[in-house]
Amino acid sequence: MNYVKISFRSLILRWRQYISLFFVCALGTGISLSSLFLINGMLNALSNKAKIYYGGDLQFLGGNRNLEFPDSREFIQKISALFPADAVVSPRFDFDAATSAFYYEGVGVRQRIIKGIDFSREQELFSKFNYIEGSAAEMAETNGVLLSEGIARMLEVSCGDSITFMLMTAHGYTNTVQLIVKGIFQDSSVFGLYTSYVDIGFLRSAFSAPEFFANRIGIFFPETGVKKSAVPKYQKLLETQFTMYRLVDDKYEFYNELLGGKLESPTYALIPLDANMEELRIVIDAMKIITAFVIITLILIIVVGISSTYRVIVMKRINEIGIYKAIGMERTSVIMLLLSETAILLAAGCACGLGLCAAICLTIQKFTFAFIPAFDIFLTDGHIIPLPDPAGTAALFAIVIVTTVSAVMFSVWKAIKITPVQALGITE
């Protein structure tokens with residue numbers, strides 16, 4: 001028996017009875033999926049900003065009671081041999097700029113941190129920045145600087161302008177050097193507003209640091225990123241070459257022991273991106289919990305709404321069920337027929353919900369949210385860019401269809417238990 005064909009015809013004939021169920025399913029799945037895609041997009045923007053800030057997917061750092069690599073070349077050579085060929089292993093020099101400042105035409109602005117970057121290695125990573133002017137394309141081995149939009153606005157500078165960078169050197173002297181603004185990026189978050197980027201060689205020279213000095217080594221996977229399950233494998237490989245600290249969920253566990261002089265010999269740590277963002281963990285977890293709550297609530301509304309309404313519809317069709325059984329249709333066939341109607345209704349609702357999700361996401365993507373204070377950390381060029389989740393979509397559809405059909409099954413099973421005579425004797 002072609003249950004799908006018969007069920008489809010039944011739905012067309014009784015569309016007035018089922019239209020409300022269809023809209024409940026479409027709206028529920030549409031809003032659920034759009035919530036999932038939007039949150040994914042916001043967290044993806046956060047991850048991309050964090051990768052630029054921290055130097056990639058993983059950080060390798062450590063030393064002897066301090067975070068430093070007096071000569072980073074040997075470390076980079078050994079680390080590169082342990083990671084895939086496409087992994088970018090790059091030295092970084094994070095300079096504490098608490099006592100430093102930029103000056104332009106009498107206006108001074110203090111910085112939080114100046115990051116020395118090997119732009120010849122990290123060109124692809126910095127191509128993902130949200131530039132409003134210029135780029136990092138010509139930053140390598142120059143006195144160029146990348147400024148945030150907020151700092152550029154305070155200094156009233158644009159690309160091509162020359163600013164003065166005043167800093168305290170490693171020997172305690174005050175030094176001033178000239179920087180050329182090569183790029184201005186849009187980021188007012190904790191990562192970007194008071195963070196600027198210069199060539200690592202230039203910063204070493206200005207600070208009077210050794211020629212190959214670094215205090216961070218970033219590891220970036222351009223194509224695939226790094227799965228959480230792969231981190232322990234890389235930790236074990238690094239343990240064959242270095243004295244490694246255990247993997248941590250919070251980098252400050254390592255910092256406290258290393259900087260507090262509790263480690264007797266030079267010790268190093270592999271810090272995943274999540275461990276670097278522990279300060280934001282509460283915010284990220286809250287976003288995920290709220291999204292899960294919204295999705296679960298909407299699924300419950302779909303299941304309860306459709307199953308309770310379908311119970312009424314089944315009771316109104318009790319005479320029809322009696323006719324099916326009177327002409328010799330087995331219980332299993334009647335169940336399959338009624339459940340096929342539910343499955344088709346849910347499948348159509350989910351498909352329409354996916355279309356509604358696309359409409360919602362495209363509409364929200366057109367609006368700028370850069371005016372919201374501190375919200376820029378979740379934005380790409382000032383916009384929320386939704387990130388589709390095929391696995392999450394399939395899981396959501398499966399949960400909606402399976403749970404709703406299971407709930408409807410109770411009403412159908414109760415209805416088919418009566419005999420044909422009893423069914424035909426019932427009047428609506």
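The analysis underlying the following values was restricted to heavy atoms, covering all of them including side chains, and did not include hydrogens, waters or symmetry mates.
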Using the test side-chain contact (heavy atoms from CB on, under 4.5 Å), find all partners of Pro232 that sit at least two apart in sequence or belong to another chain. Leu247

More than 12 non-hydrogen atoms from neighbouring residues, nucleotides or ligands closer than 6.0 Å to CD on Glu138, yes or no? no

Heavy-atom pair of closest approach, residues Thr243 and Pro266: CB-O, 3.6 Å

Over 12 foreign heavy atoms within 6.0 Å of CG, Asp86: yes

How long is the straight-line distance from CG of Leu263 back to OH of Tyr268, given to the nearest 0.5 Å? 11.5 Å

Where is the tightest heavy-atom contact between Ser196 and Leu147, given as atom of each residue plus distance? OG-CD2, 3.4 Å

Are Leu82 and Gln241 packed together at the side-chain level, in the sense that at least one heavy-atom pair is separated by less than 4.5 angstrom? yes

Over all heavy atoms of both residues, which pair between Gln186 and Asp376 is shortest? Give the atoms and the distance, please. O-OD2, 3.4 Å

With a 4.5 Å cut-off on side-chain heavy atoms, are Gln59 and Arg92 touching? no

Checking Ser100 now: which residues fulfil side-chain contact (heavy atoms from CB on, under 4.5 Å) with it, not counting sequence neighbours? Phe95, Ala97, Phe165, Leu167

So which pairs with a foot in residues 193-220 pass salt bridge (Lys or Arg N to Asp or Glu O under 4.0 Å), sequence neighbours left out? Asp94-Arg216

Would you give me the side-chain donor-acceptor pairs under 3.5 Å for residues 395-405, sequence neighbours excluded?
| residue | atom | partner | partner atom | Å |
| --- | --- | --- | --- | --- |
| Thr403 | OG1 | Ile399 | O | 2.4 |
| Thr403 | OG1 | Val400 | O | 3.3 |
| Thr404 | OG1 | Val400 | O | 2.6 |

Would you compute the distance between atom CD1 of Ile377 and atom CE of Met42 and round it to the nearest 0.5 angstrom? 10.5 Å

Separation of Asn130 CG from Ile132 CD1 (nearest 0.5 Å): 10.0 Å

Can you give me the closest heavy-atom contact between Val231 and Pro272, atom names plus distance? CG1-CG, 4.0 Å

In sequence, state the C-alpha distance, the side-chain angles, and the governing distance for Val145 and Val181, and then conclude on side chain to side chain contact (heavy atoms under 4.5 Å, CB included). CA-CA 5 Å; Val145 62; Val181 180; 4.3 Å; yes

Sub-3.5 Å donor-acceptor pair from the side chain of Asp381 to the main-chain atoms of His383, do we have one? no

Is there a donor-acceptor pair closer than 3.5 Å between any side-chain N or O of Asn48 and the backbone N or O of Ala45? no

With heavy-atom distances below 4.5 Å as the criterion, would you say the side chains of Phe375 and Ile384 are in contact? yes

Is it true that a side-chain atom of Asn44 and a backbone atom of Asn40 form a donor plus acceptor pair closer than 3.5 Å? no

Please confirm whether Phe213 and Phe207 have ring centers closer than 6.0 angstrom. no

Using the salt bridge (charged side-chain N to carboxylate O under 4.0 Å, His left out) criterion, which residues pair with Arg65? Sequence neighbours excluded. none

Do the side chains of Phe221 and Ile219 get nearer than 4.5 Å, heavy atoms only? yes

For Ile151 and Gln111, work out which heavy atoms get closest and say how close. CD1-NE2, 3.4 Å

Nearest-0.5 Å distance that lies between atom CG in Leu155 and atom OH in Tyr103: 10.5 Å

Begin from the C-alpha positions of Lys251 and Leu61 and carry the test side chain to side chain contact (heavy atoms under 4.5 Å, CB included) through to its verdict. CA-CA 10 Å; Lys251 64 183 178 183; Leu61 42 79; over 6 Å; no

Only distances under 3.5 Å count here; give the side-chain donor-acceptor pairs of residues 347-371 to other protein atoms, sequence neighbours excluded, each with its distance to 0.1 Å.
| residue | atom | partner | partner atom | Å |
| --- | --- | --- | --- | --- |
| Thr363 | OG1 | Ala359 | O | 2.8 |
| Thr368 | OG1 | Ala370 | N | 3.4 |
| Thr368 | OG1 | Gly382 | O | 3.3 |

Any chance you could lay out the side chain to side chain contact (heavy atoms under 4.5 Å, CB included) test for Lys182 and Tyr131, step after step, and finish with the verdict? CA-CA 11 Å; Lys182 296 281 189 176; Tyr131 297 102; over 6 Å; no

ring-ring contact (aromatic ring centres under 6.0 Å, His included) against Phe254, all qualifying residues, sequence neighbours excluded: Tyr245

Salt bridge (Lys or Arg N to Asp or Glu O under 4.0 Å) pairs, two or more places apart, involving residues 228-240: none

Drop me the distance from Asp118's CG to Ser72's OG, to the nearest 0.5 angstrom. 9.0 Å

Sub-4.5 Å side-chain heavy-atom contact between Ser35 and Ile31: yes

If you compare all heavy atoms of Phe202 against all heavy atoms of Thr142, which two are closest, and at what distance to 0.1 Å? CB-O, 3.7 Å

With the side chain counted from C-beta on, respond yes when Tyr53 and Ile113 share a heavy-atom pair under 4.5 Å apart, and no when they do not. yes

Given 3.5 Å as the limit, does a donor-acceptor pair link the side chain of Arg121 with the main chain of Val88, or not? no

Can you check whether Leu273 reaches Ser47 side chain to side chain, under 4.5 Å on heavy atoms? yes

Note, Phe69 side chain near Ile76 side chain (heavy atom, < 4.5 Å): no

Given Ile114 and Phe102, is the side chain to side chain contact (heavy atoms under 4.5 Å, CB included) satisfied, shown in steps? CA-CA 11 Å; Ile114 307 293; Phe102 292 146; 3.6 Å; yes

Acceptor/donor pairs from residues 169-180 side chains to any protein atom, 3.5 angstrom cut, sequence neighbours excluded:
| residue | atom | partner | partner atom | Å |
| --- | --- | --- | --- | --- |
| Thr169 | OG1 | His171 | N | 3.3 |
| Thr169 | OG1 | Tyr173 | N | 3.2 |
| Thr169 | OG1 | Tyr173 | O | 3.3 |
| Asn175 | ND2 | Ala206 | O | 3.0 |
| Gln178 | OE1 | Thr164 | OG1 | 2.9 |
| Gln178 | NE2 | Ser162 | OG | 2.9 |

Partners of Lys78 by side chain to side chain donor-acceptor pair (under 3.5 Å), sequence neighbours excluded? Glu74

How long is the gap from CG on Asp96 to CE on Met168, to the nearest 0.5 Å? 12.0 Å

Return the orientation label for the Phe129 and Phe185 ring planes: parallel under 30°, perpendicular over 60°, tilted otherwise. parallel

Between Ser205 (side chain) and Gly201 (backbone), is there a donor-acceptor pair under 3.5 Å? no

Would you list the atom pairs, donor with acceptor, under 3.5 Å between side chains in residues 289-306 and any protein atom, with sequence neighbours excluded?
| residue | atom | partner | partner atom | Å |
| --- | --- | --- | --- | --- |
| Thr291 | OG1 | Met287 | O | 2.8 |
| Thr297 | OG1 | Phe293 | O | 2.7 |

Does the ring center of Tyr197 lie less than 6.0 Å from the ring center of Phe119? no

Pairwise salt bridge (Lys or Arg N to Asp or Glu O under 4.0 Å) hits with a residue in residues 44-59, at least two apart: Lys51-Asp57

